[in-house]
Amino acid sequence: MSVKKAYKSWSKIYDHNENKTRDLDLVATQTVLKSIKFDTIVELGCGTGKNTTWFAPLTTKHIAVDFSSEMLAIAKEKVTALHVTFMEADISKPLSIPDSFADIVTCNLVLEHLQFMTPVFTEVTRMLKPNGYFFISEIHPMKRYVGSQAKFDEVLVESHLHHLSEYISESEKVGLRLIKVNEWFDEDKNNPPRLLTLLFQKNK
Ligand SMILES: C[S@@+](CC[C@H](N)C(=O)[O-])C[C@H]1O[C@@H](n2cnc3c(N)ncnc32)[C@H](O)[C@@H]1O
């Protein structure tokens, strides 16, 4: 199923159905980013605004991007703060956001839907201020090696496996420095980790 079509339907239940990945993503994001100061943010693939709700009070300029109008409509109902702008756009293409806009760019549970990550890393680096951060939270590749991937109503949603080495080589191409890697498990740590989070920093 195409990604846009899947999220058109998924939007109706995304916030309400049982979804361990969604819930753990919020915990992981808050844990990694609570000690980082940021004022301007770009959220790539903000969805229904689960993380936007947490970020918004911490920021003064905030752009939340998604290509699903249905997911965005729910986010807009939740987050009405005037400094938050919602933008309907495809993050695999250049975005109309100024150079050096953001202290941080975040991308949660989105990159598995993109075949190629180079355009995203290139745009992120352009939009970041010097010393700005790029935070990624993704399904752990290990989880994919054992056969798990995004599904809606048991139908597989278009998704692509990205190895850890791929994230690192993409960051090296654009000069982002990896400063933190975390793996996030369910209660049973004998199973593969559910999520991988990566925090990169742009050089001065
Ligand atoms: C699993 S949801 C994650 C939403 C949110 N980041 C969260 O953590 O709850 C993935 C989101 O990525 C968006 N998305 C996927 N591919 C995209 C693309 N190429 N451009 C913009 N948004 C995209 C989908 O529309 C969907 O809202």
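When a residue number appears, it is its place in the shown sequence, counting from 1.
The only member of Val65, Val79, Asn51, Leu72 that meets side chain to side chain contact (heavy atoms under 4.5 Å, CB included) when paired with Cys46 is Leu72.
Checked against the 6.0 Å centroid criterion, the rings of Tyr145 and His163 qualify as a close aromatic pair. Between Phe116 and His160, the ring center distance fails the sub-6.0 Å criterion.
The heavy-atom pair separating Met87 from Ile97 by the smallest distance is CE-CG1, 3.8 Å. Considering all non-hydrogen atoms of both residues, Asn203 and Gly175 come closest at ND2-O, 3.5 Å. Among all heavy-atom pairs drawn from Pro98 and Arg126, the shortest one is C-NH1, 3.6 Å. Shortest non-hydrogen contact noted between Leu95 and Ala89 is CD2-CB, 3.7 Å. Scanning all heavy atoms of the two residues, the minimum distance from Trp54 to Leu26 falls at CB-CD1, 4.5 Å.
A distance of 6.5 Å separates CE of Met71 from CG of Asp66, quoted to the nearest 0.5 Å. For the atom pair Phe38 CZ and Thr59 OG1, the distance stands at 7.5 Å (nearest 0.5 Å). Atoms CD1 and CG, on Ile136 and Leu176 in that order, are 8.5 Å from each other to the nearest 0.5 Å. The structure places CD1 of Ile104 at 4.5 Å from CG of Leu33, a figure rounded to the nearest 0.5 Å. The OG atom of Ser137 sits 11.5 Å away from atom CG of Leu199, with the distance rounded to the nearest 0.5 Å. The distance from atom CG of Leu164 to atom CG of Leu198, rounded to the nearest 0.5 Å, is 6.5 Å.
Looking at Asp186, its side chain never comes within 3.5 Å of a backbone N or O of Asp188 through a donor-acceptor pair. In this structure, the side chain of Arg22 engages the main chain of Asn17 through a donor-acceptor pair within 3.5 Å. Not one N or O on the side chain of Lys202 forms a donor-acceptor pair closer than 3.5 Å with the backbone of Pro130. Side chain of Glu43 to backbone of Val105: no donor-acceptor contact under 3.5 angstrom is found.
Between Asp25 and Arg194 no salt bridge is recorded (no basic side-chain N to carboxylate O distance below 4.0 Å). A salt bridge links Lys93 with Asp90; the closest basic N to acidic carboxylate O contact falls under 4.0 Å.
For Lys173, the side chain to side chain donor-acceptor pair (under 3.5 Å) partners two or more places apart in sequence, or in a different chain, are Thr118, Glu170.
Pairs engaging residues 67-110 under the ring-ring contact (aromatic ring centres under 6.0 Å, His included) rule: none recorded [sequence neighbours left out].
Note on Leu24 and Val32: same hydrophobic cluster, where clusters join Ile, Leu, Val, Met, Phe, Trp and Tyr whose side-chain heavy atoms are under 4.5 Å apart, directly or indirectly. Linking ILVMFWY residues whenever their side-chain heavy atoms come closer than 4.5 Å, directly or via other members, leaves Met117 and Val157 in distinct clusters. No single ILVMFWY cluster, assembled from side-chain heavy atoms under 4.5 Å apart, contains both Phe55 and Phe134. Each of Leu44 and Val84 belongs to its own hydrophobic cluster when Ile, Leu, Val, Met, Phe, Trp and Tyr are linked at side-chain heavy-atom distances under 4.5 angstrom. In the hydrophobic clustering of ILVMFWY residues, with side-chain heavy atoms under 4.5 Å counting as a link, Phe200 and Leu111 come out together.
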What do the steps show when you test Ser171 against Arg177 for side chain to side chain donor-acceptor pair (under 3.5 Å), and what is the final call?
CA-CA 7 Å; Ser171 71; Arg177 201 160 35 95; over 6 Å; no
Please report the C-alpha distance between Lys78 and Asp15 in whole Å, then the side-chain angles of each, then the deciding distance to 0.1 Å, and finally whether the salt bridge (Lys or Arg N to Asp or Glu O under 4.0 Å) criterion is met.
CA-CA 11 Å; Lys78 269 189 220 159; Asp15 285 344; 2.7 Å; yes
Glu158 vs His113, side chain to side chain donor-acceptor pair (under 3.5 Å): CA-CA, chis, key distance, verdict:
CA-CA 6 Å; Glu158 183 190 333; His113 296 308; over 6 Å; no
Determine whether Arg144 and Ser159 satisfy the following criterion, side chain to side chain donor-acceptor pair (under 3.5 Å), listing intermediate values before the conclusion.
CA-CA 10 Å; Arg144 293 291 307 271; Ser159 93; 3.1 Å; yes
Is there a side chain to side chain donor-acceptor pair (under 3.5 Å) between His140 and Glu183? Walk through the geometry before answering.
CA-CA 8 Å; His140 200 295; Glu183 295 172 307; 2.8 Å; yes
Quick one: do Asp103 and Lys37 satisfy salt bridge (Lys or Arg N to Asp or Glu O under 4.0 Å)? Show the steps, please.
CA-CA 8 Å; Asp103 294 316; Lys37 292 239 171 310; over 6 Å; no
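Counted by atom type alone, Thr197 and Trp184 present one or more donor-acceptor pairs between their side chains at under 3.5 Å.
Aromatic ring orientation, Tyr14 versus Trp10: perpendicular (interplanar angle above 60°, classes split at 30° and 60°).
In the displayed structure, Lys129 atom NZ is contacted under 6.0 Å by more than 12 heavy atoms of other residues, nucleotides or ligands.
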